[in-house]
Amino acid sequence: MRFKNKIGAAFGSYGWRGGATRRIAKRLERAKIELIGDPLEVVYVPDKEQLRSCYEFGVELAKRIRESIN
C-alpha cells in the first residue's frame with residue numbers, strides 16, 4: 001500500500017553521530033512521500049542562525065500543508 005498526495009519532512013538534532021534525519025528522509029522517499037526540502041539537522045542545541053533556519057523550515061512546512069488541503 002502506498003500513500004498518495006502526502007508531504008513530509010525530516011528534522012532533528014543530534015549529539016554524536018547524526019544521520020537519523022537522512023535515514024528518515026530516505027524512508028519517506030521510498031514511501032513516495034514528497035519531502036519539503038532537505039533534512040534539517042542541528043548539533044546539540046541550535047544557535048540563533050540555526051533557530052532561524054528551523055523557524056523558516058517550519059514556516060515552509062506549514063505553507064505546504066496549507067496548500068495541500070486547499
Side-chain angles (χ1 to χ4, degrees):
M1 182 157 67
R2 295 284 183 206
F3 299 106
K4 294 181 182 177
N5 303 321
K6 298 291 180 182
I7 58 174
F11 55 92
S13 65
Y14 64 95
W16 285 76
R17 186 170 178 207
T21 58
R22 291 185 299 276
R23 288 190 299 276
I24 291 168
K26 286 180 183 178
R27 287 183 178 209
L28 292 172
E29 287 174 338
R30 283 197 303 263
K32 304 295 184 207
I33 294 175
E34 178 188 352
L35 291 178
I36 306 303
D38 294 327
L40 176 67
E41 288 184 322
V42 296
V43 180
Y44 293 109
V45 178
D47 60 23
K48 277 189 171 186
E49 185 176 322
Q50 291 171 323
L51 281 174
R52 186 174 300 119
S53 294
C54 293
Y55 179 83
E56 292 170 1
F57 188 87
V59 168
E60 181 62 26
L61 178 58
K63 177 183 167 189
R64 296 293 298 275
I65 290 170
R66 194 170 33 245
E67 290 171 354
S68 73
I69 59 177
N70 289 332

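What you see below is based on every heavy atom in this structure, not just the backbone, and it leaves out hydrogens, waters and symmetry mates.
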Donor-acceptor contacts, no H, no angles, side chain residues 9-20, under 3.5 Å, sequence neighbours left out:
none

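Connectivity analysis of hydrophobic side chains (ILVMFWY, heavy atoms under 4.5 Å, direct or indirect) links L61 to I7, I36, I65.
Looking only at side-chain heavy atoms (C-beta outward), C54 and L40 come within less than 4.5 Å of each other.
Residues forming a side chain to side chain donor-acceptor pair (under 3.5 Å) with R27 (at least two apart in sequence, or on another chain): none. For E34, the salt bridge (charged side-chain N to carboxylate O under 4.0 Å, His left out) criterion is met by R64, not counting sequence neighbours.
To the nearest 0.5 Å, atom OG1 of residue T21 and atom NZ of residue K26 are 10.5 Å apart.
Residue pairs satisfying the side-chain hydrogen bond (donor to acceptor under 3.5 Å, both in side chains) criterion with at least one member in residues 43-62, sequence neighbours excluded, are absent.
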